[in-house]
Trainee: 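Dumping the structure here so I can ask a few things about it.
None of these values were measured; they are calculated from a predicted model.
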Amino acid sequence: MRPALSLTAVYLYRQPIDFRKSYRGLSAIVECELGHNPFAGGLYAFTNKQRTKIKCLFWEDNGFVLYYKVLSEDKFHWPKSDDALLTLTGQQLNWLLDGFDISAMKGHKKLHYEAVF
């Protein structure tokens, strides 16, 4: 089971967290530290200090969903930023879960033309 690729509101919390936190502790971070509404449908991703675990929090209609992945070996490539929160797409989150360094992945530049001639 993976987060949907079509998710439009995916947020990475930059600081490592204590992984003993349940949905209550994580939703408190979302609400108190980030000023977001944890019930608004956004997915929030958190990591531990060693970058070997990812925990995602998501509100789905009538309850919280926790997605938890632990690596046996290696570490997640957590994007570097000065911001406390980073916004991603559902596809980027899945790339991160697959072990890719999403900060190094760049697609083709988008072109926009007004006319053929």
Trainee: Could you report the tightest heavy-atom contact between Phe76 and Leu96, atom names first, then the distance?
Mentor: CD2-O, 3.5 Å
Trainee: Which heavy atom of Val10 sits nearest to which heavy atom of Gly90, and what is that distance?
Mentor: CG2-N, 4.0 Å
Trainee: Hey, what do you get for OG1 (Thr47) to CD (Gln15), rounding to the nearest 0.5 Å?
Mentor: 11.5 Å
Trainee: Hydrophobic clusters join Ile, Leu, Val, Met, Phe, Trp and Tyr when side-chain heavy atoms are under 4.5 Å apart, directly or via other members; which others share one with Ile29?
Mentor: Tyr11, Tyr13, Ile17, Phe19, Tyr23, Leu26, Val30, Leu34, Phe39, Tyr44, Phe46, Leu57, Trp59, Phe64, Leu66, Tyr68, Val70, Leu85
Trainee: Sorted by first residue and then second, give each salt bridge (Lys or Arg N to Asp or Glu O under 4.0 Å) pair with at least one member in residues 45-69; sequence neighbours left out.
Mentor: none
Trainee: Which residues satisfy the side-chain contact (heavy atoms from CB on, under 4.5 Å) test with Leu86, sequence neighbours excluded?
Mentor: Leu12, Pro79, Ser81
Trainee: Evaluate the side-chain proximity of Phe100 to Gln92: yes if any heavy-atom separation is below 4.5 Å, no if none is.
Mentor: no
Trainee: Using the test side chain to side chain donor-acceptor pair (under 3.5 Å), find all partners of Ser22 that sit at least two apart in sequence or belong to another chain.
Mentor: none
Trainee: Rounded to the nearest 0.5 Å, how far apart are CD1 of Ile102 and OG1 of Thr89?
Mentor: 8.0 Å
Trainee: Residues in salt bridge (Lys or Arg N to Asp or Glu O under 4.0 Å) with Asp18, at least two apart?
Mentor: Arg20
Trainee: Distance check, rounded to the nearest 0.5 Å: Tyr67 atom OH versus Ile54 atom CD1?
Mentor: 8.5 Å
Trainee: Would you please name every residue forming a salt bridge (Lys or Arg N to Asp or Glu O under 4.0 Å) with Arg24, sequence neighbours left out?
Mentor: none
Trainee: If you round to the nearest 0.5 Å, how far is CG of Leu93 from SG of Cys56?
Mentor: 5.0 Å
